[in-house]
Amino acid sequence: MTDSKYFTTTKKGEIFELKAELNSDKKEKKKEAVKKVIASMTVGKDVSALFPDVVNCMQTDNLELKKLVYLYLMNYAKSQPDMAIMAVNTFVKDCEDANPLIRALAVRTMGCIRVDKITEYLCEPLRKCLKDEDPYVRKTAAVCVAKLHDINAQLVEDQGFLDTLKDLISDSNPMVVANAVAALSEIAESHPNSNLLDLNPQSINKLLTALNECTEWGQIFILDCLANYTPRDDRESQSICERVTPRLSHANSAVVLSAVKVLMKFMEMLPKDLDYYGTLLKKLAPPLVTLLSAEPELQYVALRNINLIVQKRPEILKHEMKVFFVKYNDPIYVKLEKLDIMIRLASQANIAQVLAELKEYATEVDVDFVRKAVRAIGRCAIKVEQSAERCVSTLLDLIQTKVNYVVQEAIVVIKDIFRKYPNKYESVIATLCENLDSLDEPEARAAMIWIVGEYAERIDNADELLESFLEGFHDESTQVQLQLLTAIVKLFLKKPTETQELVQQVLSLATQDSDNPDLRDRGYIYWRLLSTDPVAAKEVVLAEKPLISEETDLIEPTLLEELICHIGTLASVYHKPPSAFVEGSRGVMHKRLPARTGSGESTESPDVGTAAGGSAPEAAPSIIPSQGDLLGDLLNLDMAPPTTSGPPPPTTGMQMGGMDLLGGGLDSLLGGDIGGSPAMGAGFGAAPAVMPASLNAPVGGGLGDLFDLGGGVGMPMGAYIPPKIVWLPAMKAKGLEISGTFARRAGVIQMELILTNKAMSVMTDFAIQFNRNSFGLAPAGPLQVLTPLGPNQTIEVSLPLSTVGPVMKMDPLNNLQVAVKNNIDVFYFSCQYPISMLFVEDGKMERQLFLATWKDIPNDNESQFQIKDCHLNSDAASSKLQGSNIFTIAKRTVEGQDMLYMSIKLSNGIWVLAELKVQAGNPNYTISLKCRAPEVSQCVFQCYEAVLKN
């Protein structure tokens with residue numbers, strides 16, 4: 001009879017009966033009862049009332065019964081912590097049992113009981129098990145340390161378990177070594193700067209020895225650990241590669257990918273002229289090809305990883321094009337991925353073969369696949385110049401099929417071919433124009449409009465073609481509208497006499513009848529250009545365009561390097577760094593490939609540095625990512641001082657989803673005509689101005705009545721500067737203590753630091769770097785510590801900051817992660833800056849614009865806060881706030897309550913509008929904040945509170 005009988009009971013009074021059975025003297029009856037309890041627990045019934053009775057069953061020699069009781073214990077210990085303490089004595093006893101299976105079972109269960117009260121009782125049994133004579137117990141205890149560290153990290157460190165774990169790396173049993181490595185890696189991920197896995201040539205040798213003998217999952221842990229090591233030179237790198245290479249023939253694909261990751265990383269350090277380098281490239285191809293004979297899901301993961309490998313080293317698979325040809329029964333996701341890799345591997349040698357395949361694919365039935373195949377033909381033309389003519393004729397053949405979606409994709413790629421090879425294939429334009437009526441997808445319509453506008457002088461009826469698109473202008477997508485606007489302006493500049501009416505019509509549609517800010521802005525710019533300087537307009541609009549690059553979808557090099565370090569993980573499938581999809585910064589390290597030996601690359605930066613004679617931890621897991629931005633080189637710690645001084649330039653464009661209110665045409669809400677052509681409509685001037693001119697003039701009609709400017713605003717006081725606090729204590733930075741604050745002086749943000757040397761050695765070579773942050777804060781120059789910092793010396797440094805660094809939304813919004821380097825090490829800390837440092841000096845909005853903007857921002861974006869215990873009158877408050885660039889626009893008094901209307905502009909263009917209510921004799925103020933990016937409101941409120949109370 002199977003165990004299903006335990007799930008079939010529906011008796012009433014069941015708990016009472018189970019209680020009686022659990023206390024039975026008969027062992028068999030007791031075991032049956034525990035099985036019933038576990039069955040009830042599995043289906044979701046609450047059997048916690050039986051906790052003491054089940055725990056009593058622990059006193060048994062029967063291993064099966066003990067396992068069942070431990071299972072119950074793990075499930076209910078959290079909800080019954082006081083009861084769980086009853087079981088502690090049994091754990092301690094079981095940890096000294098003669099049977100190693102029971103000792104291991106006890107220590108495994110101890111690690112799974114996540115109850116703080118119990119953890120300290122478990123330290124002694126765990127310590128014994130870590131030094132147990134049986135390797136099975138030791139390997140289980142190693143994993144238990146990682147679990148315990150997750151519950152109470154401080155306890156694990158105080159008890160010295162981490163040192164014991166490090167000792168286990170030298171254990172004689174390979175499985176113990178693998179588990180110790182896994183546990184240390186897990187702990188190191190949650191403490192990126194702890195340097196727990198202090199890898200050196202001796203420990204690496206032990207890991208490589210264990211690699212040959214442990215289980216497949218043990219091998220993966222060890223290989224992942226090896227990937228975090230940076231060899232001292234190319235000889236050591238080659239030696240490790242030779243010992244890892246046999247793993248490429250393993251049956252488990254995860255082991256293969258982990259081995260590939262190690263080899264891809266260490267190949268960076270091998271000179272390309274070395275014979276072994278060529279041999280290694282040849283050895284890497286067969287295992288990758290073998291992965292493609294697995295089931296589709298595994299194939300997909302392999303293909304995503306191969307995609308990265310091919311971008312980094314196409315020579316590995318350059319002779320293996322045929323394995324990426326699509327099979328008829330491949331799922332669509334595998335087909336699309338194979339297509340991508342085929343194009344990456346396309347070269348002059350194999351292009352004929354590739355084109356024949358792609359033409360075949362373009363006649364398939366799967367629409368998505370066909371689209372991608374047609375697009376791939378275009379990409380081949382752009383990549384391999386010799387094949388361009390053949391590709392164009394293939395595309396023309398496909399257009400002749402008149403299959404709608406094939407025609408549309410072909411037109412999109414032909415546009416790109418024109419961009420790559422100007423004045424070469426324009427003879428096909430006539431064929432393209434024949435298919436104009438069948439285009440219904442925005443991208444294809446936009447491509448066709450671009451072609452007509454770009455080659456208007458060669459198309460006799462270009463104006464008629466563009467006019468036909470203009471009829472349904474408002475129904476078109478933004479992409480098509482923008483392209484149509486540009487194309488008609490190009491046509492006008494080429495044939496001004498025939499198309500004057502057409503250009504007037506499109507400019508009017510774009511500026512007056514559209515509510516899309518992008519379209520409106522582009523329309524105004526063209527209108528201004530055409531009306532003020534047609535010659536300049538011609539130079540701008542008809543300027544020679546740069547040729548498009550071969551591969552537009554290549555991953556940015558620094559991101560690719562990081563992804564290569566994550567081969568075989570989710571990051572390599574998503575093609576995103578872990579920080580993009582792992583919530584919070586915990587456990588996210590940014591990895592980099594090592595610099596090639598003898599390549600002359602600087603190793604000063606903490607990202608790559610290796611100390612002479614020692615080994616650096618894997619690119620000192622820098623918190624400063626270089627992913628996704630091209631500022632990596634500028635942000636290098638050894639950067640030269642900037643050539644210009646003074647306030648940093650403001651950032652252009654909004655990075656946080658807000659919008660530049662002044663650029664968004666709010667002036668038109670006020671209905672003022674600001675000069676220029678009458679046809680241009682309201683809100684359009686002869687020259688672009690930051691603040692529309694007419695807003696300085698009084699506006700009638702009751703708009704001004706809301707604001708009574710009679711209440712004078714006092715002279716501003718100085719800006720508020722928070723007191724300095726310790727950001728990096730000496731004990732965490734090998735004797736370097738850093739305190740600091742932020743200030744804004746004469747429009748420049750400054751980070752004011754106090755560096756104190758509490759160590760016995762001299763500190764030199766200081767440098768600083770910031771992680772990406774919400775407002776793009778970055779050092780505007782190097783950290784100026786001009787003299788060595790001796791023991792017990794203190795120095796004050798002021799670091800000017802700019803706001804043009806890379807942007808990433810932080811939590812909290814004003815969090816800043818900083819790396820400071822000196823001759824001893826690199827240290828990391830985070831601090832929070834008051835957002836008032838970002839309030840710019842031109843943040844005073846005109847009152848009419850204020851009113852219009854306040855109405856325009858949705859009410860959902862309004863936040864209300866209370867500022868308590870503030871004993872200033874409204875004038876004093878206004879004066880104090882103005883010192884921090886919080887400007888009072890207007891003041892009015894309603895029933896003895898002063899209402900101050902204020903505006904703030906942040907360095908990235910976000911406007912914050914505020915209404916501050918001050919009641920005479922009441923120390924509590926009410927503040928309402930309105931903003932297009934409501935996430936900044938909380939930080940702004942904190943600034944109000946800090947400024948008014950200090």
Side-chain angles (χ1 to χ4, degrees), residues 306-308 310-315 317-318 321 324-326 335-362 368-399 405-429 431-432 435 439 441-455 458 479 483 543-557 560 575 630:
I306 288 169
N307 200 324
L308 296 174
V310 165
Q311 288 186 51
K312 185 71 185 166
R313 299 202 181 284
E315 62 270 28
L317 289 161
K318 66 179 177 186
M321 176 62 91
F324 298 107
F325 285 176
V326 170
K335 285 180 176 176
L336 296 177
E337 210 53 44
K338 280 184 174 178
L339 259 184
D340 224 17
I341 295 167
M342 278 171 66
I343 295 153
R344 297 209 193 286
L345 292 174
S347 64
Q348 206 176 331
N350 58 24
I351 194 72
Q353 215 180 3
V354 172
L355 271 177
E357 275 290 308
L358 292 174
K359 192 170 182 183
E360 195 66 36
Y361 299 162
D368 287 338
F369 181 51
V370 172
R371 285 174 182 278
K372 185 122 184 183
V374 174
R375 211 162 269 224
I377 295 170
R379 279 173 63 187
C380 287
I382 290 164
K383 188 175 182 187
V384 185
E385 190 168 349
Q386 294 76 359
S387 73
E389 197 152 333
R390 200 189 232 154
C391 291
V392 171
S393 68
T394 305
L395 288 168
L396 286 174
D397 290 348
L398 291 171
I399 288 174
Y405 54 86
V406 174
V407 172
Q408 307 207 60
E409 285 297 331
I411 286 174
V412 172
V413 293
I414 286 174
K415 179 201 79 170
D416 290 338
I417 293 171
F418 286 168
R419 287 283 310 272
K420 178 74 176 173
Y421 310 111
N423 305 317
K424 211 167 178 188
Y425 301 109
E426 280 74 12
S427 54
V428 307
I429 290 175
T431 314
L432 302 183
N435 294 281
L439 307 181
E441 289 170 17
E443 200 175 357
R445 288 173 78 82
M448 194 64 226
I449 291 166
W450 182 88
I451 292 168
V452 173
E454 189 66 19
Y455 301 104
R458 304 181 189 202
Q479 181 185 8
Q483 202 58 264
E544 200 167 311
K545 289 161 194 65
L547 300 182
I548 60 172
S549 64
E550 288 178 11
E551 300 252 10
T552 49
D553 63 338
L554 284 176
I555 293 173
E556 198 266 319
L560 180 61
H575 288 188
L630 297 175

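Any value given below was found using the heavy atoms of this structure, including those in side chains, with hydrogens, waters and symmetry copies removed.
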Could you report the tightest heavy-atom contact between [X] and [Y], atom names first, then the distance?
| X | Y | result |
| --- | --- | --- |
| A388 | Y421 | CB-CE1, 3.6 Å |
| A362 | V374 | CB-CG2, 4.2 Å |
| A446 | Q479 | CB-CG, 4.0 Å |
| K338 | F325 | NZ-O, 3.7 Å |
| I351 | A346 | CD1-CB, 4.2 Å |
| A381 | S387 | CA-OG, 4.1 Å |

Does the side chain to side chain contact (heavy atoms under 4.5 Å, CB included) test come out yes or no for I399 and V428, once each step is laid out?
CA-CA 11 Å; I399 288 174; V428 307; over 6 Å; no
Would you check if I377 and L398 make a side-chain contact, meaning some heavy-atom pair closer than 4.5 Å?
yes
So, do L339 and F369 sit near enough that their side-chain heavy atoms are less than 4.5 Å apart?
yes
Would you say [X]'s side chain and [Y]'s backbone share a donor-acceptor pair under 3.5 angstrom?
| X | Y | value |
| --- | --- | --- |
| N350 | S347 | yes |
| E441 | Q408 | no |
| Q311 | I555 | yes |
| K312 | L560 | no |
| K415 | I451 | no |
| D368 | L336 | no |

Is there a side chain to side chain contact (heavy atoms under 4.5 Å, CB included) between D397 and K359 once you walk through the steps?
CA-CA 10 Å; D397 290 348; K359 192 170 182 183; 3.3 Å; yes
[X] [atom1]: over 12 foreign heavy atoms closer than 6.0 Å:
| X | atom1 | value |
| --- | --- | --- |
| E315 | CD | yes |
| Q348 | CD | no |
| R390 | CZ | no |

Audit row: E443, Q483, side chain to side chain contact (heavy atoms under 4.5 Å, CB included) steps and yes/no:
CA-CA 10 Å; E443 200 175 357; Q483 202 58 264; over 6 Å; no
When rounded to the nearest 0.5 angstrom, what is the spacing between [atom1] in [X] and [atom2] in [Y]?
| X | Y | atom1 | atom2 | answer |
| --- | --- | --- | --- | --- |
| Q353 | L358 | CD | CG | 11.0 Å |
| E409 | L395 | CD | CG | 10.5 Å |
| I449 | I411 | CD1 | CD1 | 11.0 Å |
| L432 | L396 | CG | CG | 7.0 Å |
| K372 | I343 | NZ | CD1 | 7.0 Å |
| M321 | I341 | CE | CD1 | 10.0 Å |

Could you walk me through whether K424 and V392 satisfy the side chain to side chain contact (heavy atoms under 4.5 Å, CB included) test, starting with their C-alpha distance in whole Å, then the side-chain angles of each, then the deciding distance to 0.1 Å, before giving a yes or no?
CA-CA 11 Å; K424 211 167 178 188; V392 171; over 6 Å; no
CA sep, side-chain torsions, deciding dist, call: R379, D340, salt bridge (Lys or Arg N to Asp or Glu O under 4.0 Å)
CA-CA 10 Å; R379 279 173 63 187; D340 224 17; 3.3 Å; yes
Does the side chain to side chain donor-acceptor pair (under 3.5 Å) test come out yes or no for E357 and Y361, once each step is laid out?
CA-CA 6 Å; E357 275 290 308; Y361 299 162; 2.3 Å; yes
Would you call the rings of W450 and Y455 parallel, tilted or perpendicular if under 30° counts as parallel and over 60° as perpendicular?
perpendicular
